Amino acid sequence: MELLSVSSTAAAAHTFFPSGERRCAVFVVSANRTSDSGALQKKSKRELSTILRTEAAVLGVERKAVSAKSDRLWPRAVLEALDNSIANNRWESALKVIVLLLLSVISEGFLIKKVSVLALKIFELLRKQLWYRPKGQTFARLLTMLGKCNQPEHAASLFNTMHSEGFKPTLDVYTSLLGAFGRSGLLKEAFYTIHEMKTISDCRPDAYTYTILIGCCSKLKRFDLIPSLLTEMSYLGIHSTVVTYNTIIDGYGKAGLFEKMENSVSDLLESGDCLPDIFTLNSMISAYGDSGKITAMEKWYIEFQHMGIDPDLTTFNILIRTYGKAGMYDKMMSVFRFMKKRYFSPNTITFNTVIECFAKAGDIEKMEYYFRLMKIRGIKPNCITYCSLVSGYSRACLLEKVPLIIRQTENTDVVLDTPFFNSVIYAYGQAGEIELMKETFSLMKEKKCKPDYITVATMNKAYSDLGMERDAQELELKMVEQKKSSYGNFYISLTKYKRRLFPIILESRENYWSLVVIFCGKTVRLTSIKENLQ
DNA sequence: ATAGGGTTAG
């Protein structure tokens, strides 16, 4: 009933625009936001395609390398091309392929660590070529990419090399470096960078720079640092943008600091030079929704309607998740229907959310219904969909359905990932099916999917529930060995630091390092220890 | 530069 009143308010606010026009506007906005990187991506893909075409007769890789469908394949295909060029002594051509590969990789936001480290090495090689002159933008993109995949050391050393070779860093480059530090949890370095920027006339920090730094502070829960940054901004005459406000609002909201969040909204409304937008709305309602404050959420939804801010697909997905989590399935489905009336088509996230809600509720019939509907509507299920299905079946003790899910994925281009296998391992472990669990663990490794600390904790729980302490210990030792080889030095300094806590697994999660200690089948996670280690 | 989806344990 309550939703109906929300809906009718929404409908009233919408009568201004025929729905077609509104959808158009949404489309244009999102197209504008990505047009820069999109254009660049298209351009470098086209150039890449041209170069590859000339080589295609010899190499036969162009289709594989440039097709949009084979995103996972094309770096490999390009590397194949590269290999051939090198074998044929065509260095220059090979390197040109690499430059474009590098730019595409960065603009597509490829965050695979290996790819970015490779890109960095290639970039260093490139700079030694006479025909290649790097642009500031390329540096900036590379720095951002390194930051996104937790490689601040590489970012810093690239920046230093660049400096020592006489390349004058631009504002973009400095901001990217700052972001690389901040995202990796190195706040001290990020603050040092902004301090240095203030002393260079062409690189004075702007609202962009401050927004990134504030975003990093809030992701690391260092809310204490935000007020002074805002004071500093106004002292320097830098005006906050909507993005600055939205970043702060979202940060407070995610931390459940509702009073601070509301104060920031008031600041935004009273600022005089910016207006709230769809990001503000979605951050607000998702903050209240996540903590089950349905009334506050609905109040703000209506409030934003009055301000002329219409919901978008993200808004509906948030509402569906919130009502689903609260067990208000009627309202959840009313949102689903309301979307249809407004000509918004549910996407993968919408279906995944609905499927997950019914899986958690143990309503297998509805879960399967929406899974079928998803496929009928032409929305491809992904790893997340399959993961929810598996935990749904496991909760309902329908283990026999799990292999069917795995078999279904074999006919698709979905690449199964660690969380998916974790849910299967949990399903079998919970049911005491140790052999099937072990088989899944092998399958996981066969599929080149790395077990993480959740895998180990899940399996250990299953082992210790059945009194199989020895198997648990064996697994732990194996994992530690594996970690030792990939994080050699880190591991040694950690054991020294933590002395007798054993075994220890180091994980990179949520952009900062965590120490995971698995002790007697129990998982203890110690976070934000990076600073202590240095 | 900002918003929405999955796995363990507590």
Side-chain angles (χ1 to χ4, degrees), chain A residues 30 33 140 144 147 172 175-176 178-179 182-183 205-216 218-219 240-251 253-254 268 274 276-287 289-290 309 311-322 324-325 346-357 359-360 374 379 381-392 394-395 416-427 429-430 444 449 451-462 464 507 516-519 521-525:
Chain A
S30 65
R33 274 203 304 136
T144 305
D172 270 17
T175 304
S176 303
L178 178 142
R183 257 186 238 273
D206 58 6
Y208 233 84
T209 320
Y210 275 100
T211 302
I212 291 174
L213 188 53
I214 289 172
C216 294
S218 84
K219 279 217 175 60
S240 292
T241 66
V242 214
V243 184
T244 320
Y245 287 111
N246 286 345
T247 305
I248 297 170
I249 290 167
D250 190 64
K254 285 218 164 63
L268 163 60
C274 356
D277 61 11
I278 187 69
F279 285 81
T280 326
L281 163 66
N282 288 338
S283 290
M284 294 286 291
I285 65 161
S286 117
D290 271 341
I309 295 156
D312 67 356
L313 189 49
T314 300
T315 319
F316 293 126
N317 287 340
I318 295 168
L319 292 174
I320 288 175
R321 194 187 73 221
T322 302
K325 249 173 64 177
N347 63 3
T348 320
I349 298 180
T350 321
F351 277 110
N352 283 350
T353 310
V354 173
I355 288 171
E356 201 227 328
C357 282
K360 284 225 164 97
M374 180 182 194
I379 310 285
N382 61 10
C383 247
I384 298 176
T385 323
Y386 294 120
C387 191
S388 301
L389 289 172
V390 168
S391 29
S394 140
R395 238 181 289 262
L416 299 179
D417 62 2
T418 305
F420 174 80
F421 281 111
N422 285 348
S423 68
V424 176
I425 285 174
Y426 173 73
Q430 194 71 341
M444 180 176 188
C449 186
D452 63 1
Y453 72 93
I454 294 182
T455 322
V456 179
T458 309
M459 289 180 75
N460 277 349
K461 177 75 170 47
S464 62
E507 287 285 345
V516 177
V517 183
I518 298 179
F519 195 64
K522 281 189 180 156
T523 312
V524 185
R525 183 147 44 116

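Everything quoted here is computed from the prediction, not taken from an experiment. Residue numbers start from 1 in every chain, and the chains themselves are labelled A, B, ... in the order their sequence lines are given, proteins ahead of strands.
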For a side-chain contact (heavy atoms from CB on, under 4.5 Å) with A:Met374, tell me which candidate from A:Thr385, A:Thr350, A:Val354 qualifies. A:Thr385
For A:Met284 and B:dA3, give me the distance from atom CE to atom P, rounded to whole Å. 16 Å
Nearest to the A:Ser423 side chain among B:dA9, B:dG4, B:dT7, which nucleotide is it? B:dT7
Quick note, A:Val243 side chain, CB onward, closest among B:dG6, B:dG4, B:dT2 is B:dT2
A:Thr314 side-chain proximity, nearest of B:dT2, B:dT7, B:dA3: B:dA3
Would you kindly give the NZ-to-P distance between A:Lys461 and B:dT7, to the nearest whole Å? 17 Å
Under 4.0 Å, heavy atoms only, any strand: does A:Thr348 hit a base, just the sugar-phosphate, or nothing? base
With respect to the side chain of A:Thr211, which nucleotide from B:dA1, B:dG6, B:dA3 is positioned closest? B:dA1
Minimum-distance nucleotide (side-chain atoms of A:Ile349 versus B:dG4, B:dA3, B:dT2): B:dG4
Looking at the side chain of A:Thr458, which of B:dT8, B:dG5, B:dA3 is the nearest nucleotide? B:dT8
Which part of the nucleic acid does A:Tyr208 contact within heavy-atom distance under 4.0 Å: base, sugar-phosphate only, or nothing? base
Closer than 4.0 Å, any side-chain N/O of A:Lys254 to the OP1 or OP2 of B:dG4? yes
Go through the structure and list residues passing side-chain contact (heavy atoms from CB on, under 4.5 Å) with A:Thr458, not counting sequence neighbours. A:Ile425, A:Tyr426, A:Ile454
A:Phe420: partners by ring-ring contact (aromatic ring centres under 6.0 Å, His included), with sequence neighbours left out: none
Base, sugar-phosphate, or nothing: which does A:Tyr245 touch, judged by heavy atoms less than 4.0 Å apart? nothing
Keeping the roles fixed (side chain from A:Ser176, backbone from A:Ala140), state whether a donor-acceptor pair exists under 3.5 Å. yes
Could you state the CG-P distance from A:Asn246 to B:dG4, rounded to the nearest angstrom? 12 Å
Applying the 5.5 Å / 30° rule, does A:Phe279 stack onto the base of B:dA3? no
For atom CD1 of A:Ile249 and atom C1' of B:dA1, their distance in whole Å: 15 Å
Hey, does the side chain of A:Lys360 come within less than 4.0 Å of B:dT7's phosphate (OP1/OP2), counting only N and O? yes
Value in whole Å for how far the P atom of B:dG6 lies from CG of A:Asn347: 14 Å
Residue that, paired with A:Asn282, satisfies side-chain hydrogen bond (donor to acceptor under 3.5 Å, both in side chains) out of A:Thr314, A:Thr315, A:Asn317: A:Thr315
Between C1' on B:dT7 and CD on A:Gln430, what's the gap in Å once rounded to a whole number? 13 Å
Here the distance between atom P of B:dG6 and atom CZ of A:Phe420, to the nearest Å, is 16 Å
Answer with base, sugar-phosphate or nothing: what part of the nucleic acid does A:Leu313 contact at a heavy-atom distance below 4.0 Å? base
Any salt bridge between A:Lys254 and A:Asp290, counting N to O under 4.0 Å? no
Minimum-distance nucleotide (side-chain atoms of A:Arg321 versus B:dG4, B:dT7, B:dT2): B:dG4
Less than 3.5 Å between a donor and an acceptor, one on the side chain of A:Asp417 and one on the base of B:dG6, is that the case here? yes
Select one nucleotide: of B:dG6, B:dA1, B:dG4, the one nearest the side-chain heavy atoms of A:Thr241. B:dA1
Could you give the CG-to-P distance, from A:Asp250 to B:dT2, as a whole number of Å? 10 Å
